[in-house]
2 protein chains.
Amino acid sequence: MARARISDVAAAAGVSVTTVSLVMNDVESRISDETRQRVREAARAVGYAPNSVARGLRTQRTRTVGLISDQIATTPFAGRMLAGAQDAARDNGYLVYLIDTGGDAEIEREAIDALTAQQVDAMIYACMWHRIVDVPQGVSAKTVLLDCRPVKGGYRSVVPDDRAGGTAAVRELVAAGHRRIAYIDTDDGPIASRLRHEGYLEALAEAGIPADPALHITGDTSAHGGRAAAEVLLDLPDDERPTGIFCFNDRMAAGVYIAAHRRGLDIPRDLSVVGYDDQQLIAAEQDPPLTTVALPHYAMGRWAMEVALGVRAEGDEDATHLMECPVIRRDSVGPPPAQVAKPNRRRASHTERPPLAAPDR
Amino acid sequence: MARARISDVAAAAGVSVTTVSLVMNDVESRISDETRQRVREAARAVGYAPNSVARGLRTQRTRTVGLISDQIATTPFAGRMLAGAQDAARDNGYLVYLIDTGGDAEIEREAIDALTAQQVDAMIYACMWHRIVDVPQGVSAKTVLLDCRPVKGGYRSVVPDDRAGGTAAVRELVAAGHRRIAYIDTDDGPIASRLRHEGYLEALAEAGIPADPALHITGDTSAHGGRAAAEVLLDLPDDERPTGIFCFNDRMAAGVYIAAHRRGLDIPRDLSVVGYDDQQLIAAEQDPPLTTVALPHYAMGRWAMEVALGVRAEGDEDATHLMECPVIRRDSVGPPPAQVAKPNRRRASHTERPPLAAPDR
DNA sequence: ATGAAAGCGCTAACAC
DNA sequence: GTGTTAGCGCTTTCAT
């Protein structure tokens, strides 16, 4: 049986469609309570629910939002961002169209056109990693960018505060007493890499620790890359070897665990490590659980949706919102191991390294 | 500036809206080529693109699909399923509404109503784990179930063939020469657990290996649970201890790695392990990379969308489609360690265990 | 080969 | 307080 239309309700209640429309939309109280009641009952009786398509055509507002993303699928991050956006949409009575372009520019174009044709009230352009993007033509200036920033401004956007996150991570180590702190970076060079490195440097500086270039090392962003980098670090002579390692991400931190455990090093007794991302399947399941910095995906998703829907007042253009990355304390950070006492020397440095093992020569 | 409407094109081309519509939709060739040309140019000139909402109202087909899921967000699986569904939708010119209900029944109801009001042409009801669900009222019988089966039939559905997957996993171990093969199961009791166990039993049976209840052990579905279960198994006396372990999932397998490595056991030299799920961040990044059974999420998503859209002919009701779970061979399976020769005894069993270390008494 | 006109289901002026 | 009516932008008979 076909869906009931507004005219069916009107007929059943013995009123005009206007009246039905008015009571269904809770407009003015010019309708008598008695009529209201009758209409409500009639609507229930015939099983009426307004047709959003017809309403959308008439009002020119569809209460739908388009969310275009480059890679919703392949990253385990996506979910939280979607969830945040999703929840915010529902809270405001909106439905969301999700389109994953896989990063393909043509698909992206088509997606934008399709969404526009569908008369979405707002659009969100999301990336799965903090990136700087060249927003494709055709996207309205009212579009909100999620986890990315426009190459030349002109859009509202929200990204994680990776710089502050890097600082916070390193401060954990400093607070535990570490002085020789390494940063295992990625060599892929995403914007987050640069920012976290800046944060690392800043935390070092504020603690009065000179940055040692030998402790800034790179690898690919996998457990394998992290492990390889850690091997290099752990091969350093005792007095140069880091006691704490900050990793670009949790996967690399997992690699550090492997390297450490293979050498019989205990975490955090012999080595402290801090990750980044707070990937559930990795960070929480390490042994011991990994202290890391969380990417505020849910909050970012929510923020983007709220701004897109206009329920959160935000400068109308060009504002990049930095969202805090909280430190998640678990068990991979402890005090540095007791110093190996080295008589006649206070501190070893690269440049003024004293001759080692001279007797052997 | 407002979007161009079909009448604008008609005016620009000096024809009627009917003609424009006919041309835009490539209907019959009753329009002369010359007129076609003119209309096309006019459309381009005024930047015309049909309004999907108006078209949807008129044709009663919106070319949109609703995808309701219980937990898109919190599981790293979701992505591949979405991607499959998404891609199939795009291939056929459909847009998808995504709604994550978080498992909340009321939200689910509202979602169904909203989608119905939005006149979606089809719906997919997805779960993030293979489950048996009580499909809520209001979902049309044409809805397709993804990664779940209806408690009392009546819907088309697609789920992974967990039983065959379990068999395939254990066969890997059998083929490598193992005879004492354990199954580390979950105690949460999802349907997949039962099926994979059945598969395990079947593989054992076909290899003529009697099932040893001591080798079927459970734990919670985390690395921690897997590790605890592995400890128990590895504490077994030499001749009862399994040489191969099949785990309910990759996370638990990661726990087995930890337990093994802590005891100085090498994988796969001293112990072979097979996981399930093929979670990228876990399986591929283990050291050595984990052999596992993949859940065909992408294919299931695609299948569901294709039958939902009617582009894949499938029995119109009540058909549960089982999708194959392929074994992903990596490096965690090898031959069992050489047997510790035990003179005077061919095989130890629980009941007839010979006195150990008698000389010490 | 092309056009006029009805109508999808709804909202919102504008009557009464 | 309530009803009539004109569209929203499009497709689709039915004329011509």
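Heavy-atom basis, side chains included; hydrogens, waters and symmetry copies ignored. Here is how names work: the chains are called A, B, and so on, in the same order as the sequence lines, proteins then strands, and each is numbered from 1.
- When rounded to the nearest whole Å, the span between CZ of B:Arg63 and P of C:dC8 equals 22 Å.
- In terms of the side chain to side chain donor-acceptor pair (under 3.5 Å) criterion, residue partners of A:Asp113 (sequence neighbours excluded) are, by chain and number, A:Arg109.
- Taking atom CD1 on A:Ile31 and atom P on C:dA12, their separation rounds to 14 Å, with Å as the unit.
- With sequence neighbours left out, the side chain to side chain contact (heavy atoms under 4.5 Å, CB included) criterion links B:Leu57 to A:Val53, A:Ala54, A:Leu57.
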Protein proximity profile, nucleotides 8-15 of chain D - base contact B, sugar-phosphate-only contact S, no contact -, cut-off 4.0 Å on heavy atoms = BBBBB-B-
task = Start with the C-alpha gap between A:Arg90 and B:Asp100, add the side-chain angles, then the distance that decides, and say whether salt bridge (charged side-chain N to carboxylate O under 4.0 Å, His left out) holds.
result = CA-CA 10 Å; A:Arg90 184 176 45 239; B:Asp100 190 327; over 6 Å; no
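- Salt bridge absent: A:Asp134 and A:Lys152 never bring a charged side-chain N and a carboxylate O closer than 4.0 Å.
- At a threshold of 4.5 Å between non-hydrogen side-chain atoms, the residues B:Tyr155 and B:Val144 do not count as touching.
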